[in-house]
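Worksheet: the structure to be examined is printed underneath.
Reckoned from all heavy atoms, side chains included, excluding hydrogens, waters and symmetry mates. Letters go in sequence order (proteins before strands), and every chain restarts at 1.
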Amino acid sequence: MLINEELIVIPVQQKTKEGVIEELAEVALSVGRIADKAQYVAAVLKREEEYSTAVGFHVAIPHGKTDAVTEPFLMYGRVEKVDWNALDGEPVDHVFMIGVPEKEAGSTHLQILAKLSRRLMKEEFRSELTEATNAQAIIDVLKKNELL
Amino acid sequence: MVEFTTTVGFEEGLHARPAAELVKVCQKALADIKIIKDDLEVNPKSILGILTLGAAHGDKIKIIVNGADENDVAKNLKAFFNK
């Protein structure tokens, strides 16, 4: 399972992009999806430096492919208007963070991104996400939208 | 209207940096642009649209450009994919 209740953080306490990534990575570490937090965070931040992973609609999809990841995962974090250096200049409220081991980064990564992106283009999915106020509700939304 | 088929040559597929660069190229165009892979058709002026394709290394995609600057845009896009 890519995501479960343990991989959902509502609300994330941190208020900066770097802080949010760190906080989510700490959770991924505690549930054993990554073996090395510093290495994973560095991979995610390196990507963010090259270009922002904010995709519009107040959503960011940071991702890291690195051997620090022991099992592919998707995380969800609810944040409050965090500046993500988005192209559209808008702050981010929803963060989907992806982790994939280096060796299988090719297609797993792309499939997760593609599926999630397709859902995010739908207004209904975005409102359902916004209305979900706890981990179980997020899981229900993801299930309903066949992301789980 | 200019239409051509190309192959995704980027090792990591059409996401990450290549996707971000492609959005920039397309946003400069006045013409409408469509990228088609299998039965999916997207507008590459949006990063989310491009990610939706899930185009991996070696995948074939069709590109359709339609508008005043279509020839220049098609040329730029061909150059982009042949990089």
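When all heavy atoms of B/T52 and A/R118 are compared, the closest pair comes out as O-NH2, 3.0 Å. For A/V55 against B/I47, the heavy-atom pair with the smallest separation is CA-CG2, 3.5 Å.
When heavy atoms are compared at a cutoff of 4.5 Å, B/A19 does not approach chain A at all. Contacts of B/L40 with chain A are made by side-chain atoms alone, with heavy-atom separations under 4.5 Å and no backbone atom involved. Proximity to chain B is limited to the side chain of A/R47, based on heavy atoms less than 4.5 angstrom apart.
Counted within 6.0 Å of CD on A/E5, heavy atoms from surrounding residues, nucleotides or ligands total more than 12; the atom is thus considered enclosed. Counting heavy atoms of neighbouring residues, nucleotides and ligands inside a 6.0 Å radius, atom NZ of B/K34 does not exceed 12 of them. Within a 6.0 Å radius of CD in A/E80, no more than 12 heavy atoms belonging to other residues, nucleotides or ligands are found. The number of heavy-atom neighbours closer than 6.0 Å to CG of A/L29, taken from other residues, nucleotides and ligands shown, is above 12.
When each of B/I50, B/L51, B/L53 is checked for heavy-atom pairs under 4.5 Å with chain A, B/L51 comes out on top.
Interatomic distance, B/H57 NE2 to A/L110 CG, rounded to the nearest 0.5 Å: 12.0 Å.
Grouping the Ile, Leu, Val, Met, Phe, Trp and Tyr side chains by contacts below 4.5 angstrom, directly or via other members, places B/M1 apart from B/L77. Residues A/M1 and A/I3 fall within the same hydrophobic cluster, defined by Ile, Leu, Val, Met, Phe, Trp and Tyr side chains chained together at heavy-atom separations under 4.5 Å.
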